[in-house]
Structure formats: C-alpha cells, structure tokens
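Step one of this worksheet: look at the structure below.
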Amino acid sequence: MINKYEPLKIEKKWQKYWEENKTYEVQNKVQGKENEYILIEFPYPSGIGLHMGHCRSYTAIDALARKERLCGKNVLFPFGTDAFGLEAERTAIKEHKLPQEIVARNIETFKTQVKGLGLSFDWSRTINSCDEDYYKWTQWQFIQFFKNGLAEKQETTVNWCPNCGVLANEEVEDGKCCQCHSETTQKSKAQWVLKMTKYGERLADDLVKTDYLEHIKQSQLNWIGKSEGIEVDFKIKQGGTFSIFTTCIETIYGITFMVLAPENKIVDKLKEKITNWEEVENYRKSAAKKSEFDRTEMNKDKSGCKLCGIQAINPVNGKEVDVYIGDFVLVGYGTGAVMAVPAHDQRDYEFADKFGIEKIQVIDGGDVSESAFSKQEYLSKNCKLMNSEEFTGTTVSDAKKAIADKLIKAGVARKKINFKMRDWIFSRQRYWGEPIPMINCPHCGWVPEKEENLPITLPHVDSYEPTKDGESPLSVIEEFVNCKCPVCGAKAKRETDTMPGWAGSSWYFLRYCDPHNSSELASKEALEAWLPVSIYNGGNEHTTRHLLYARFWVKVLYDLGIVPVDEPFNKRISQGLILGADGKKMSKSAGNGVDPRVMVDRYGADSLRVWMSFIGEYSESAGWSEDGLKACNKLLTRIWNLQDLISDNKETKELNYILNQTIKKVESDIDSNKFNTAISAIMILVNEIYRVGGLSREEYKTLLILIGSFAPHLSSEVFEIMNFGKFENASWPIYDESALILDEIELPVQINGKVRGIIKVPADANEEKVVSLAKQNTDISKYITESIVKVIFVPKKILNIIVK
RNA sequence: GCUGAUGUGGCGAAAUAGGCAGACGCAAGGGACUUAAAAUCCCUCGGGGCGAAAUCUCCGUGUCGGUUCAAGUCCGACCAUCAGCACCA
C-alpha cells in the first residue's frame, strides 16, 4: 500500500531540489537544441504580495515552458521585478520609509511566494528595474536616443494639481487628481520627450509582422491613429496664409467658415487686423484654463469666438469665409486649424448652429436638416457630389482624387499622413525613477553625462515627496545638481527629472538574454540567440501603451544596430481576471479577495496550479471557487493513487487509443493556450484508467508527464518513487498516429436532419455500405417510411437520409 | 459615438473545417462502504409532455429573420454586457 498524497511535504522537497540543482538555469546555446523565449511581464512587487491573477498567468505559462522543455527546446523563462514607479513611491510615502527599503523588502517576499508555486524560472537571470547595474543601461540607452536626435527638451503642457504638483497622465482621473481629488489644470513646462511620432508609420505598419490578438492590434492602431489626407493652404484676405489638414477633401466646396485652435500662433500674427481682440483674448484665456479632459470631453457644447475682420479664401473657388477660434480644434493635432463643412461634419454642424452660419450640402444622397451627413455614412454609399462646380456629379471616391490632384498641381496642397499619437513625454518630477543622465551647461547647452560615469545614481535622501513648485525633489539636493560639464568642464547643472515607470519596462526582456553583462546592455550573440520573444503574456490593463513603448524602443535600438530584430514579440496573450466568488473583481474593500498562499497551504501548489488552468478559458475572466480547487486536488489524489493499480504484465491494449488521443490533445491545447481543455482531457483519461482498472508502468509514466506541466511536484515525486529517473529529464511522449485510426467508428444517422440512431461502421466504409448498414438497423429503418430522395454522407461524420 | 470581444443548463464551461449541443468539473439528489462522519466508489442530473419504462416525443445555444440536407458555428438586423479609444479634422 502506497503512502498518502501529501502535497505540502513533497512540494517543499522539490522546490529545494530545483533551487539547489539549478534545474531550470539555461545557457544561451545548447548543442542540438532549438531556443525558445517565453516571457511573462515582470510584476511590480507590491507589499500585498502575490495575488490570484499572478498565479493564473504564471502557472499557465509555466506549463507551456515545461512542456516545451520536455519537447527538447532550450527554453528561456525568466523572472524579474519592476520596482521603479509611482506605486512604490506612494507606498513608501504612506509608510514613511524610503522606497529603497520598501522595494527590497517586497521583492524578497514576492520571490519567496513565487517560488512556493514551483515555477520553472531561471533564477540566475533575475533582474530588477531599480538596481543600479540595470538602470545604468536604461540611462545609457537614453543617451543613445539623445545622440540620435530622438530625445529632446520640449515645452509641453503637464497636468497640474494645486496640492500635489505635476501629475502623470495616469494620476489624473476624470480631470481630477487621483490623490487629493482637486481639479487639475494645464501648465506649460519644459520636458524631455522621446520622438515616438517619427516611428508612427512603422509602429502601425509592422503590426502585420506580429501574431497579437486582433483586439490588441486594433488598440495599437487606435492609439497610433494614423490618418491619410491632404494639407491645404488657405490665403488670408488681410495677409498671410495658414494650412489645414483634412481627410475629406471632397467636401471642400462646402466650406462656410474656418476654425483655428485658440493657441494657434497665427492668431497672434493677425492681432493688428482683428477688430475684437479683447474678446478673442478672453476666449483664449478661458480655453487655457480648461484641462485636457474638459477640452476633449465629447458631446459638450461647442464654444468659439469669431476673429472679426478676418476672412480666409477657399483655394478651389475663391470664396471668402469667416475665421473663428474654437477649443474643439486641438493645437497638437494636424496644423491646429480646420476647414469647417457643417453639412458634412457633426462638430462643424453644431458650431454653425451656435453661430448662425450657413450650411452648404455638397454630397448628395443624405439629409442635412437635422444633423450632418458625415463621412461615416456617405463613404459606404457611393454618393455623388453636388454644388461643387466641375466636380458636381462625380462620385466621392473620384472627387477625392480629382480635387486633391487639382490643388496639388496648383501648388497649394500636398498629401499628408497624420498621427493621433504624440511624442512620449519622458520627464517626471518625481524622486523614484531613473535620473535622466543629462547636464545643462551654460556654454554647451544640454549634453549627456559621460557614459563611463553611468549610472547616475539616486541619492539617498530624507525627503523625496513631490515639491509644491513642480520641480523634481532632486532639484533641492545641491550635491546632486551641481556638476561639471562633461564637454568644457564649466560649472553646470544636472537634470533633476527622472524617467517614467514605463522606461525600465521597455527593454527588460533584452536584459534577460544577458543579465550580468557589465560592458553592454546585452551581447549581440545573446540577443541573437533568443529574440524575438516567441510568446509574451501580460495583463490587459497596460497592454496598449506598454507594447507601443517597447516596440518603439526596440525599433530604435534596431536602427542603431544594437538589437537584431525590429519587432520584439511574436505573439502577445493576456490572461483574464480572477474574480471573487461573488463575480466581482477581487479587492480589499469588497472583501472577496483570496490569498493564494492560504490555498497553497490548504491544498498544495500543484492543486492550485491545476485549478488555475482548469478554471476557464485563459483569456476570459473567471470566478474563484474553492470547490473547484478541491476537485483539482481530487484529480491529483486519483493520479497519485494509481500507483496501486500498476501491473507490469498487463497486456491489454484497452488504453492505447485514449492514451494517444490524450497526448495529442494535451499537446495541442497547451500550444494554443487552451489549458482548461488540456486538464479535462487528462481527467477523461484518468476516469478511463479507473474504469479499465489498471495500467502499465509505461502508461503511468506518460500520464505523469502530461500532468507534470501543471503539477510538477507530484510528477517529480512519483517519478522518483517509480524509478522513472529524474522528471526534468523525461521526454514529452510522441503519440502514435496509427493508434488513433480506428477500424470501426460510430456514425450518427439522421433521417430528414434528425438523429435517429448511431451505427457502427468500418472506418473506411463507402456511402453504399453505410446506407445498407443503416437500413439493417431497425431503430433507424422504421423512420424510412417513404421513398429516399437524397442521401448525404460525410465520411466519419454523418449520414443524412432525406425521405419524402 | 467608434473599434473590438462576449452572450450555451442551477453554476464554471466544452463543441478541429457547418455534422450527435451541454464533454470535463462544481453544486444537488440517490446508493455502497462506515458505529458515525470525513474520505473513497457507483448511479441520476437542460426544460416540457405521454408513460410502467425510455432506446418515445416536442422544445432548447441573447432576440428576430435568412442560407443549407444540416446552424451554437455562416449571412442580415436588433438587444444586452465587457474592454479600449473618444471633438483627431
């Protein structure tokens, strides 16, 4: 009689064994093995520690990594922590401690908890974004961006909270500060930006090279917001010109006014000629007070102000129209000016209504008496133009081309591609981030720190809370600020802004390839060995921005010859949330949280791992239930207890078919991230083994390998008990295709589309044979009361007999 | 508003390429073992109808239509939920 299944005991034993034997440490090259890079997003090590969400993705992706290893791949499956950023700083401020202390403590507990799940990470490659020898390279890369004209200091607007100072976009919720809830406003400030817009085109177009989920690609495209159109010059009657960008050049004959962004510099140039300047100034002031949120909130009333005394001239017909400023026009997009065609654009329509401006319909086929006949509607309808001189009667698509050609020929327009995406504001006026390694010299301007002086480390300080004047807390530390210009040696000031939380996470996957390299961020050989990442798993919340930043970062490094690929990730997947038993998101306040450690102590890590895989479709959210966990514990106990049913002289072939079928199913399911059905296939196999009443050693070994990706402790232990050798040295079983071919199959038979019976037929039976077998079956033949008019036979699937 | 996804028993969910809807599991009910409980094992389990029975019959995958011998799956319209984007010219 075998011992009882005691998960807690065996799990500790094997975790210790894996750690001591460095079982999952991996070399960059192994003779005769193909490399594969499997990546999970490195977590922020919060003080609360591991939560269920981590367990779900870590254990599922670990199952994939373990399976790939047994399939003979050399697998890189690393782990690290992303401890820079706002969250750590806030926790530190709350606890009145230094972020450095908090982070060190949290990382340790986090790692211990992760190890308790028996994950097959290569612990020798662990990195942490706030370690000096890591962020040294983040800083080094910033300098490369700068040297190549991709980083520059720009005057930009920042979110400003009267209490907390400068806020990151993610700290502003509905126009309010997420901490003190006061109204935020916009303030102008010189900030470092990375010129991501230069890569807009490639970031959009190169998505075809990737295998991301459709909605992930879509939101990348959405964020990039590429739109192709025409930029057209408009003369101002009173002198000067300005340009507008439009994607609907076909509506140009419908222009009845123009709108400029309030901040547009042209307005200043026209000051002399504007007869209501005071009114204009007042409007500009009130617009400046509004936050970005107020400005971009949809469905609010259009506001604006006429520039009295100013007319613009439509280049197609010389028509003079009034010019307005209005805050629905954004200075940062396009040219900060629009042509207004109220009949065919809803915003222009509302604006025209408010100011009593006429509307000219130029696209036929819609009604403009209530609202605009906009491009979303007319583009799909093959409409024709009206009121458009020589273009009247041509179709929209022809007119688009013809009008553009005419204007381009006349030299007043050109094709243009615009992006919604802005450059990446890279400065934070915060303490807990990588210092930006730049120095401002009175003679040389902005110059990078000498590379041999990196890293520029964060000074340990007493106070690091955000300052009230909006400058970085580092700015008040004299020893940090004062320095010498690396070029001319003059007294100079160091940049005191730090990098955003996204910085370290934009390249950490490169560092994993060569984490201890002290002379470069990673060697070319190491990067070539592993990149691109074959599968990358991470949370849904920050997928869009993180992927965009990381892709941009890698493209820059690729152009500089540092990285061998221009797309870092082949495939991106996301796990669904684990919800509380009440179906709501697990949270402290809802009191529905479940601590994974408690569950591990109660049932063992293997049971939790299996349950996290079985709980549901991987990408969908799933509700927690302890009963489900119990069921998985039961499965493992049943597998353990099979030790009693081994019989070596067992000659039966009864399990042959189902065993091979299960191997095939589990293999393909893990490959396609259908972990839940992989587990159910194993359950079916185990049920069948119990029904048959015994199995051979070899069959048991196969079962243990299949479940071993999910329950590695159990399989390791039973391998040892059964003298199967070391589990990590096992090979993934190869299913026997011929065993899956049955001589005889069960075929459903329908009469008039209704299943009336199931008959056993030879697998290769033809239609004639099958029909005659069906007719011999009295359960079926009793329905054939009239003459057969049609027979549909799909081999191995169905027989449908139509009678009439 | 736009884009994308989802909608199947009491519950979590399956269903390869249009071919037996509800695999697998939970909960529930019944039984075996036990002094008893736990554990374990076995049986039943979408809904209605006829009935002694089911291997009978009708209905059933958000709603309404369509294509097809055959639709959870394809097409059209709609409803609901979730996510991302949101005055982007």
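Please read all numbers here as calculations on a predicted model, not as lab measurements. In what follows, chains are A, B, ... by sequence order, proteins preceding strands, each numbered from 1.
Contact check, Arg347(A) against C88(B): a side-chain N or O comes under 4.0 Å of OP1 or OP2. The side chain of Ser227(A) places an N or O atom within less than 4.0 Å of a non-bridging phosphate oxygen (OP1 or OP2) of A89(B). Listed pair Tyr333(A) / A89(B) meets the phosphate criterion, a side-chain N or O lying under 4.0 Å from OP1 or OP2. Close to C26(B), at under 4.0 Å from its OP1 or OP2, lies a side-chain N or O of Lys634(A).
In this structure, Leu579(A) atom CG and C82(B) atom C1' are separated by 11 Å, rounded to whole Å. We find that CG of Leu645(A) is positioned 11 Å from P of C41(B), with the value rounded to whole Å. When rounded to the nearest whole Å, the span between CD1 of Ile216(A) and P of A5(B) equals 12 Å. Taking atom CG of residue Leu740(A) and atom C1' of nucleotide U16(B), one finds them 14 Å apart after rounding to whole Å. Between Ile751(A) atom CD1 and C20(B) atom C1' there is a gap of 14 Å when expressed in whole angstrom units. Atom CH2 in Trp624(A) sits roughly 17 Å away from atom C1' in A13(B) (whole-Å rounding). Distance CD1 (Ile759(A)) to P (G19(B)): 19 Å, rounded to an integer number of Å. Residue Lys416(A) contributes atom NZ, which lies 13 Å from atom C1' of C88(B) at whole-angstrom precision.
Ile325(A) is listed as a side-chain neighbour of Tyr283(A), based on a closest heavy-atom distance under 4.5 Å. Side-chain contact check for Ile670(A) versus Phe710(A): some heavy-atom pair is nearer than 4.5 Å. When side chains are defined from C-beta on, Lys226(A) counts as touching Asp205(A), because their heavy atoms get closer than 4.5 Å. With a 4.5 Å cut-off on side-chain heavy atoms, Gln750(A) and Ile798(A) count as touching.
Residue Thr544(A) is the one, among Phe245(A) and Thr544(A), whose nearest nucleotide of RNA chain B lies closer to the 5' end (criterion: closest heavy atom). Residue-to-nucleotide proximity on RNA chain B shows that, of Ser621(A) and Met339(A), the 5′-proximal contact is made by Ser621(A).
Remark: G46(B) base-pairs with C59(B). Criterion, Watson-Crick or G-U wobble with two distances under 3.5 Å. Pair check for A54(B) finds none; no Watson-Crick or G-U wobble contact set falls under 3.5 Å. Using Watson-Crick or G-U wobble geometry with both donor-acceptor distances under 3.5 Å, U40(B) finds its partner in A32(B). Across all strands shown, A80(B) forms a Watson-Crick or G-U wobble pair with U6(B), both key distances being under 3.5 Å. C69(B) and G19(B) make up a base pair, with Watson-Crick or G-U wobble contacts both under 3.5 Å.
Between the C1' atoms of A28(B) and G12(B), the separation comes to 15 Å (whole Å). Taking atom P on both nucleotides, A36(B) is separated from C24(B) by 32 Å, rounded to a whole Å. Using P as the reference atom, G31(B) and A17(B) are 45 Å apart when rounded to the nearest Å. With both ends at atom P, the span from C64(B) to U73(B) equals 13 Å, rounded to whole Å. Here, G22(B) and G9(B) have their C1' atoms 7 Å apart, quoted to the whole Å. Taking the P atom of each, C45(B) and G30(B) are spaced 16 Å apart, rounded to whole Å. G66(B) and A71(B) have their C1' atoms separated by 11 Å, given to the nearest Å. The C1' atoms of U68(B) and G19(B) are separated by 12 Å, rounded to the nearest whole Å.
Here the side chain of Ile798(A) is nearest to one of C20(B), U6(B), C87(B), namely C20(B). For Glu617(A), the side-chain atoms get nearest to A14(B) when compared with the rest of G19(B), A14(B), C41(B). Taking the side chain of Asn800(A) as heavy atoms from C-beta on, and the options C85(B), A14(B), C69(B), the nearest nucleotide is C69(B). Comparing G19(B), C88(B), G25(B) by their nearest atom to the side chain of Lys797(A) picks out G19(B). Of the listed nucleotides (A89(B), A21(B), C85(B)), A89(B) has the atom at the smallest distance from the side chain of Val338(A). Nearest to the side-chain atoms of Ser680(A) among the listed nucleotides U3(B), A23(B), C58(B) stands A23(B). Among C41(B), U3(B), C58(B), the nucleotide with an atom closest to any side-chain atom of Arg756(A) is C58(B). In this structure, of G12(B), G19(B), U3(B), it is G19(B) that holds the atom nearest to the side chain of Gln750(A). Minimum atom distance to the side chain of Asp627(A) is reached by A27(B), of the listed C85(B), G12(B), A27(B). You'll find that the side chain of Lys302(A) is closest to C87(B), out of A14(B), U3(B), C87(B).
The pair Lys664(A)-Glu667(A) fails the salt-bridge criterion, with no side-chain N (NZ, NE, NH1 or NH2) lying under 4.0 Å from an Asp/Glu carboxylate O. Glu41(A) has a carboxylate O that lies under 4.0 Å from a charged side-chain N of Arg572(A), or vice versa, which qualifies the two as a salt bridge. A salt bridge does not link Lys302(A) to Asp353(A): none of the charged side-chain nitrogens sits closer than 4.0 Å to a carboxylate oxygen. A salt bridge links Asp233(A) to Arg414(A): one of the charged nitrogens lies within less than 4.0 Å of a carboxylate oxygen.
In Lys354(A), the NZ atom is crowded: over 12 heavy atoms of neighbouring residues, nucleotides or ligands sit closer than 6.0 Å.
Using a 4.0 Å heavy-atom distance criterion, Asn676(A) is classed as a sugar-phosphate-only contact. Looking at heavy-atom distances under 4.0 Å, Arg691(A) makes no contact with the nucleic acid at all. Within 4.0 Å (heavy atoms only), Ser625(A) reaches no atom of the nucleic acid at all. Residue Phe614(A) is in base contact, counting any heavy-atom pair closer than 4.0 Å across all strands shown. Heavy atoms of Val794(A) sit under 4.0 angstrom from at least one base atom. Across all strands, Lys674(A) comes closer than 4.0 Å only to sugar-phosphate atoms, never to a base (heavy-atom distances). Across all strands shown, Ala631(A) has heavy atoms under 4.0 Å from sugar-phosphate atoms exclusively, and none from any base. Among the heavy atoms of the strands lying under 4.0 Å from Asn687(A) are primed sugar atoms or P, OP1, OP2 only; no base atom is included. Contact annotation for Ile802(A): backbone-only contact, meaning every heavy-atom pair under 4.0 Å involves sugar-phosphate atoms and none involves a base. Among the atoms of the strands shown, none is found under 4.0 Å from any heavy atom of Lys630(A). Among the heavy atoms of the strands lying under 4.0 Å from Ile684(A) are primed sugar atoms or P, OP1, OP2 only; no base atom is included.
A side-chain donor-acceptor contact under 3.5 Å links Asn687(A) and Arg638(A).
Using a 90° window around 0 for the glycosidic torsion, G84(B) falls outside it and is classed as anti. Base orientation of A17(B): syn, since the glycosidic angle falls within 90° of 0.
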